[in-house]
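In what follows, a single structure is set out as structure tokens and then discussed.
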Amino acid sequence: MPCIARTSRLALAASAASLALLATACGGSGTDASGPGDGKPVTLTFWSATAGAKETADAFNKTHTGIKVEFSMVPAGPEGVTKLSNAVKGGNAPDVATMDYSALPEYASEGNLEDLTAGSGELVKKEFPEAVQSLVALGGSTWAVPFDVTPIQLFYRKDLFKKYGVEVPTTWAEYRTAAEKIHQGDPDVTITNFGGGDPALLSGLAWQAGARWYGTSGDAWKVNIDDPASRKVAAYWDDLLADGLASRTPLWGEGENKERATGKVATIIGAAWSAGNFPVSYPDSKGKWGIAPLPTWDGKPSTGMYGGTSYIVPKGSEHTEAAAEFIKWVTTDPEAMTARLSSLKTPSSALPANEGMRAAAAKQFDSSYFGDQDVYAVAGEAADTIVPGWTWGPVQQQVTSAQMAAGGDHTKMLTSGQAKGESAVTDRGLKLDK
């Protein structure tokens, strides 16, 4: 009997610990991991935009005979999610892919994922922190396996801070004071790039401030994107930009890299995965950058997450058992982390959610760029301060698109996101609690 999806008009419920998500009526129908019975290995197609993914797949192929992984690089962010969605609709999706945590509820609730509970549910429970489990175990089912945690951190130019007599800020008020002092010392230097608007970074900073963009009341969704905590964050950054203390150069572009490489910005608001980019993008600044906890609103250690990767099996895969075996290896076997870090062109500094993988990464990663700082130890301490209770909603990709169209006005990003979030929930036939 064919599996009939029953998700499109069912309400979804969420809590701080678990998103009650009703997805497809049946799980995967994959083949046995040992192969199709003709002595040939199972061939898995694997799509990802993550650094070191190709090296990981290559290492798996060298050490496993029953499964062969064919890797393809795909775009990151919403573009990659759209490509995957189109592939699922067209019946030519890969067997394994990586996906940002923020996209999972929406993608799963639309019936685009295989249920991994049977093959990976126990793995997630035993091998990953509870706080990360809540991002992938939705509605009593496991829809993905975590790879990393992504605490937001402060990267700062030690030489510029010393030159202008600035201490590493521990609060956002101190951060603004540092921005004023540095900009007064040299009008060509700003505290950071923050132009163009990055919805993922805005959400992470709102997360730190105590925002909860999604929640439920009974069987109805609450959309709280334009809430007081988020408005405080948006106003703070819009004011820094208006006063010329932060650069309007768009994030994720050539101009951003040029400013950072030439000492025109004194800090970068990044995540654990950002560290690996420094030796590649700013090679002449070795020894000049330091890493510190993200400034907070009240002086108490806290942070949010900026992105984050999980492994999924898109709907329609005929090799779910083999896929589960590959995913287990790539998320928990230290050899997988060693392979990921072997990429000299784009070294990964992702902070694995699995403790064993984290130890392997710390041993392998070259932290000399940051002087005597242990990149993984610093990131691990930051991960311990991630504010608990954040959940993503069933329409976040649409919210992200609306926010990206807001032109870098962070306050407008919130109002646009709120409006789109509410309309998208009702458009999907879900209940909205206003």
Side-chain angles (χ1 to χ4, degrees), residues 7-23 77-82 84-85 99-113 134-136 138-139 143 196-235 237-238 304-308 387 389-434:
T7 59
S8 59
R9 302 189 63 83
L10 290 178
L12 303 134
S15 70
S18 173
L19 185 66
L21 175 63
L22 300 177
E79 185 180 351
V81 174
T82 299
L84 188 59
S85 297
M99 177 168 283
D100 194 284
Y101 294 122
S102 65
L104 275 175
E106 185 168 351
Y107 210 74
S109 67
E110 291 176 341
N112 290 325
L113 298 181
S134 66
L135 298 175
V136 300
L138 315 171
W143 300 101
D198 182 347
L201 183 53
L202 178 61
S203 67
L205 293 172
W207 180 339
Q208 182 208 37
R212 297 289 183 272
W213 280 12
Y214 297 96
T216 57
S217 177
D219 63 351
W221 276 98
K222 288 184 177 181
V223 179
N224 300 308
I225 296 168
D226 190 20
D227 71 326
S230 300
R231 285 197 295 270
K232 176 174 67 174
V233 172
W237 286 102
D238 285 341
M305 281 178 52
Y306 185 10
V387 177
W390 181 275
T391 55
W392 292 104
V395 294
Q396 179 57 30
Q397 300 310 294
Q398 295 180 62
V399 166
T400 293
S401 295
Q403 291 180 324
M404 290 178 69
D409 182 322
H410 295 86
T411 300
K412 186 178 179 181
M413 287 172 71
L414 296 179
T415 56
S416 298
Q418 181 71 32
K420 173 55 71 173
E422 291 181 356
S423 64
V425 166
T426 55
D427 286 348
R428 283 197 55 194
L430 308 176
K431 292 183 180 179
L432 177 67
D433 185 336
K434 291 191 175 183

Exercise for review: Keeping to residues at least two apart or across chains, list the salt bridge (charged side-chain N to carboxylate O under 4.0 Å, His left out) pairs with something in residues 394-422.
Suggested key: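 Residue pairs passing salt bridge (charged side-chain N to carboxylate O under 4.0 Å, His left out), neighbours aside: none found.
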Exercise for review: Any ring pair (Phe, Tyr, Trp, His ring centres under 6.0 Å) involving residues 413-434? Give me the pairs, sequence neighbours left out, ordered by first then second residue.
Suggested key: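 Sorted pair list comes back empty.
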Point to revise | For W237, all residues meeting ring pair (Phe, Tyr, Trp, His ring centres under 6.0 Å), sequence neighbours excluded | key: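 W172, Y175, F194.
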Practice item. Report the residues that fulfil ring pair (Phe, Tyr, Trp, His ring centres under 6.0 Å) with Y306, sequence neighbours left out, ordered by chain and then residue number. Key: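 If we apply the ring pair (Phe, Tyr, Trp, His ring centres under 6.0 Å) test to Y306, skipping adjacent residues, the hits are W273.
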Practice item. Output, in order, the C-alpha distance, side-chain angles, deciding distance and verdict of side-chain contact (heavy atoms from CB on, under 4.5 Å) for R212 and V387. Key: CA-CA 11 Å; R212 297 289 183 272; V387 177; 3.7 Å; yes
Check your understanding: Looking at residues at least two apart in the chain, or sitting in another chain, which of them share a side chain to side chain donor-acceptor pair (under 3.5 Å) with T426?
Key ->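 Applying side chain to side chain donor-acceptor pair (under 3.5 Å) to T426 gives none.
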Shortest non-hydrogen separation from [X] to [Y] and the atoms involved:
{"X": "G421", "Y": "V395", "answer": "O-CG2, 3.8 Å"}
{"X": "P105", "Y": "G393", "answer": "CB-O, 3.5 Å"}
{"X": "A209", "Y": "A229", "answer": "O-CB, 3.7 Å"}
{"X": "D227", "Y": "S230", "answer": "OD1-OG, 2.5 Å"}

Determine whether a donor-acceptor pair (N or O, by modelled atom type, separation under 3.5 Å) exists between the side chain of [X] and the backbone of [Y].
{"X": "W143", "Y": "L138", "value": "yes"}
{"X": "D100", "Y": "A103", "value": "no"}
{"X": "R231", "Y": "D226", "value": "yes"}
{"X": "E106", "Y": "Q397", "value": "yes"}

Got a second to check how far [X]'s [atom1] is from [Y]'s [atom2], nearest 0.5 Å?
{"X": "M305", "Y": "S203", "atom1": "CE", "atom2": "OG", "answer": "10.0 Å"}
{"X": "D433", "Y": "W221", "atom1": "CG", "atom2": "CH2", "answer": "12.0 Å"}
{"X": "M413", "Y": "D238", "atom1": "CE", "atom2": "CG", "answer": "9.5 Å"}
{"X": "L104", "Y": "T391", "atom1": "CG", "atom2": "OG1", "answer": "12.5 Å"}

**Study point:** Between W213 and W207, ring centroids under 6.0 Å
**Key:**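 Centroid distance W213-W207: not below 6.0 Å, so no.
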Check your understanding: After noting the C-alpha distance and the side-chain angles of W390 and S134, does the key distance pass the side-chain contact (heavy atoms from CB on, under 4.5 Å) rule?
Key -> CA-CA 9 Å; W390 181 275; S134 66; over 6 Å; no
Side-chain contact, heavy-atom cut-off 4.5 Å: [X] with [Y]?
{"X": "I225", "Y": "Q403", "result": "yes"}
{"X": "R428", "Y": "S109", "result": "yes"}
{"X": "Q398", "Y": "D427", "result": "no"}

**Study point:** side chain to side chain contact (heavy atoms under 4.5 Å, CB included) partners for T400, two or more places apart
**Key:**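 Counting only residues at least two positions away or on another chain, T400 forms a side chain to side chain contact (heavy atoms under 4.5 Å, CB included) with P78, P199, Q396, M404.
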